[in-house]
Amino acid sequence: MLTIHGHTDEIPNVRTILFKEKLLSKPGQFVMVWVPGVDEFPMSASHTIPRLGVTYRILGPGTTALASRKPGDRIGIRGPYGRGFTLEGERILGVAGGLGIAPLAPFLELAMTKGASAELVLGAKTAKEVLFDGRMTDAGVKVHISTDNGSAGFKGLASELAKEVLSGKKFDCIYACGPEKMLVEVLALAGRHKTPVQASLERYMKCGIGICDSCAIDGRHVCKDGPVFPDSELRTFGELGKTKLDPSGRRVSI
Amino acid sequence: MIDLSVDLCGLKLRNPTMLAAGVLGETGKSMATVARAGAGAIVTKSIGKKPRSGHLNPCVVELPFGLLNAMGLPNPGAEAFGREIAEAREGGAPVIASVFGSTEEEFAELCGLMAKYGADAVELNLSCPHAHGYGAEIGSDPDTVQAICRKAKKRLRIPVLAKLTPDTTSIADLALAAQRGGADGIVAINTLKGMRILPEARMPVLANRVGGLSGPAIRPVGVRCVYEIFEAVKVPVVGVGGVSNASDALEYIMAGASSVQVGTAVWSEGPEVFSKITGGLMKFMAENGFNSVKEMVGIAHSSRP
Ligand SMILES: Cc1cc2nc3c(=O)[nH]c(=O)nc-3n(C[C@H](O)[C@H](O)[C@H](O)COP(=O)(O)OP(=O)(O)OC[C@H]3O[C@@H](n4cnc5c(N)ncnc54)[C@H](O)[C@@H]3O)c2cc1C
Ligand SMILES: Cc1cc2nc3c(=O)[nH]c(=O)nc-3n(C[C@H](O)[C@H](O)[C@H](O)COP(=O)(O)O)c2cc1C
Ligand code: FES
């Protein structure tokens, strides 16, 4: 178990919880967060060094309980699990939709320290919901903001802005995390530009260790083979952007 | 020529390894992947009549010597499972549908559906230790075991396997009851009931509090159970519990198992564990002068004075 260091409010309904301890993980990997007596759920590490941090939207009982825990309280952490992002080339583009920036932020920071030059398309619903733009600018990333209503930056979807950014420039690799429909768009866009993609997926998780099959997508497992998949695999997924399994294993549309 | 193929109640298996129930067995494509990785047969997740979400998380605890799980029999419901069985069979290995119910009628009905969907055999889950009203709760009583097997058998032409719990005074009595009911084979063992408390949290980790222990820790229990069952019954026995290499599989085979199932080792070793086990079996057989798996089944018994 880890000890809570403190909480930071980020944007409405979204907080970051920092732990006293660090977690040796690769950006893009996730942990299983256990709020004792309530629930256990997967969360991407949004901060790794000097402390593990998780940035989360308060949705249901689990995240509400997490938000109520105080500094000094103990939280169960299993992990890190899964495959994270791998740096390919020097000129890279991140495309984040909503909370998708959580796993991308530590990756882009790491890429900058390794000498890469990074740009980021950061999509949000409104200006108030733009997350980690300051953090990314501080890391030296060139940030392009899009909002659905145009209250900040480009008016439209992150994938539409990514199309503009890509039309002017060649990148060695695109890194994406966000709603699955956005990932499907980014994959198609990257295909037209013959640029590799790594994208992080989400599925309902129970075991987190590749044994229960609840996070299956076309015979692969988001908890073990992912959550980050390269385009070569993403393109073989017939379920991408279409269906996922609910907690009972029934197929439901996305 | 060394021949790894085995006949299990009339099913032709290209080798004696099988995927155990509940491990990567919810979707057809995952099962087909495991079959392509080398498993001789596939057992599906246990399927019930209605969709069921299972227990809340945490439902798995990793331990140095195995896993403790309380999945709680999550499944999409029998009617949604036809397409998964069809996809699983594309992997090229026989597919055995595991089913769970609370009454003989429910078991029989599920068996009928699974046969219709193309399952090559059924495995009756009479042994899950963490789902109220199912599994071990009903499978610890020999009369109930016999009645469930009888009703399932009446309904089916494909083989019926009874999977038993080790959490009982005499697993041989349960196996005899299953045989009386007409079961074509016995599968042993399911997980052992267990609990993990994290002192820092002052509570059990599993949301269900109680779960089933699997992996290397339970292998000696499983081997002992198979040994006892082999002496008691005439039908074939399938050994399960803590198999992760050829030596583990040989323990079960020599105790009397015609084939073995592998669950937890798929987590620790990946699906490659199946080809690792079969490779090791080939090597052992070559070095020790065995030509078929059958020659080794139960040989540990003949060493008794
Ligand atoms: C690899 C991965 C990384 C994630 N990273 C983040 C992150 O960085 N920040 C963040 O806010 N959220 C993240 N999520 C989603 C997060 O797990 C859910 O938001 C959280 O579980 C909600 O729990 P709750 O009890 O508050 O809400 P509930 O009311 O229990 O659920 C609300 C919704 O959350 C999702 N959810 C609930 N339990 C799970 C579960 N066990 N597995 C997957 N999804 C679940 C479901 O879609 C559900 O409809 C991630 C999910 C995955 C699979
Ligand atoms: C995560 C998990 C889920 C399981 N689900 C089922 C199930 O649905 N039905 C069943 O009969 N056994 C189930 N089992 C038990 C296994 O099939 C097997 O009997 C047991 O784990 C011992 O074998 P092992 O040590 O190789 O894992 C499950 C085991 C695990 C670890
Ligand atoms: S969450 Fe269990 S296999 Fe991925």
Side-chain angles (χ1 to χ4, degrees), chain A residues 1-4 31-43 60-63 65 69 72-79 81 203-225 233 236-239 243-252, chain B residues 20 22-34 36 44-45 47-48 50-62 67 69-77 79-81 83-84 87-88 90-91 198-207 214 263-268 270-271:
Chain A
M1 297 187 95
L2 302 188
T3 310
I4 299 178
V31 291
M32 292 298 284
V33 179
W34 178 44
V35 187
V38 187
D39 196 0
E40 184 192 49
F41 40 81
M43 287 278 160
T63 47
R69 295 298 192 262
D73 286 355
R74 309 276 277 164
I75 295 290
I77 297 285
R78 295 197 276 139
Y81 294 125
R203 282 294 180 274
Y204 198 88
M205 288 186 182
K206 295 188 172 186
C207 73
I209 54 173
I211 193 163
C212 76
D213 216 14
S214 71
C215 68
I217 175 164
D218 290 280
R220 303 285 280 162
H221 296 93
V222 173
C223 69
K224 194 166 183 176
D225 306 313
E233 284 186 63
T236 66
F237 292 162
E239 296 169 29
T243 60
K244 59 180 181 178
L245 301 178
D246 76 0
S248 75
R250 261 178 308 183
R251 279 167 210 285
V252 293
Chain B
V23 172
L24 299 189
E26 196 166 81
T27 63
K29 285 193 178 125
S30 295
M31 292 186 268
T33 303
V34 175
R36 289 190 193 103
T44 70
K45 174 95 213 144
I47 301 301
K50 295 212 183 79
R52 205 179 132 98
S53 299
H55 296 313
L56 283 180
N57 280 357
C59 53
V60 172
V61 183
E62 294 168 69
L67 288 175
N69 92 82
M71 304 306 301
L73 299 174
N75 79 96
E79 259 133 52
F81 211 62
R83 70 171 273 192
E84 310 301 336
E87 279 184 347
E90 285 170 21
L198 207 58
E200 298 156 274
R202 308 173 196 188
M203 64 173 87
V205 178
L206 293 171
S214 63
T264 301
V266 175
W267 157 63
S268 49

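Quick note on labels: first sequence line is chain A, next is B, and so on, each numbered from 1.
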Pairing residues for A:Pro42 by the side chain to side chain contact (heavy atoms under 4.5 Å, CB included) criterion, not counting sequence neighbours: A:Phe30, A:Met32, A:Met205
OG/A:Ser248 to NZ/B:Lys50 distance, rounded to the nearest 0.5 angstrom? 13.0 Å
Interface residue of largest heavy-atom contact number with chain B, from A:Tyr204, A:Phe41, A:Tyr81, under 4.5 Å: A:Tyr81
Select one option (side chain, backbone, both, neither) describing which atoms of B:Ala201 are under 4.5 Å from chain A's heavy atoms. both
Measuring from atom OG of B:Ser30 to atom CG of A:Asp218, what distance do you get when rounded to the nearest 0.5 angstrom? 9.5 Å
Between A:Lys206 and B:Glu26, is a salt bridge (charged side-chain N to carboxylate O under 4.0 Å, His left out) present by the stated rule, with each step listed? CA-CA 13 Å; A:Lys206 295 188 172 186; B:Glu26 196 166 81; 5.9 Å; no
Between A:Lys224 and B:Trp267, is there a donor-acceptor pair closer than 3.5 Å when you use the side chain of the first and the backbone of the second? yes
Top contributor to chain A interface from B:Gly263, B:Ala32, B:Gly25, B:Ser53 [non-hydrogen pairs under 4.5 Å]: B:Ser53
Heavy-atom contact with chain A under 4.5 Å, split by part of B:Leu73: neither
For a 4.5 angstrom cut-off between non-hydrogen side-chain atoms, does A:Glu239 reach B:Lys29? yes
Nearest 0.5 Å, please: how far is CD in B:Glu200 from CE in A:Met1? 6.0 Å
Residues B:Val60 and A:Cys207: closest non-hydrogen pair is CG2-CB, 3.7 Å
Please determine whether side-chain contact (heavy atoms from CB on, under 4.5 Å) holds for the pair B:Leu56 and A:Val38, giving the CA-CA distance in whole Å, both sets of side-chain angles, and the decisive distance to 0.1 Å. CA-CA 9 Å; B:Leu56 283 180; A:Val38 187; over 6 Å; no
What's the shortest heavy-atom distance between B:Pro204 and A:Trp34, and which atoms? O-CZ2, 4.1 Å
Residue from B:Thr264, B:Asn75, B:Leu198, B:Asn69 scoring the most non-hydrogen pairs under 4.5 Å with chain A is B:Asn75
Toward chain A, the part of B:Arg83 with a non-hydrogen atom under 4.5 Å: side chain
I'd like to know which of A:Ile211, A:Asp213, A:Leu245 tops the heavy-atom pair count under 4.5 Å against chain B. A:Asp213
NE2 of A:His221 to OG1 of B:Thr27: how many Å apart, nearest 0.5 Å? 5.5 Å
Is A:Ile75 in contact with chain B via its backbone, its side chain, both, or neither, using a 4.5 Å heavy-atom distance? neither
As an exercise: rank A:Gly76, A:Gly208, A:Gly219, A:Gly62 by heavy-atom pairs under 4.5 Å with chain B and give me the winner. A:Gly219
With a 4.5 angstrom heavy-atom cut-off, is it the side chain or the backbone of B:Val34 that approaches chain A, or both, or neither? neither
Of all of B:Val23, B:Thr33, B:Leu67, B:Leu24, which one pairs up most often with chain A through heavy atoms under 4.5 Å apart? B:Leu24
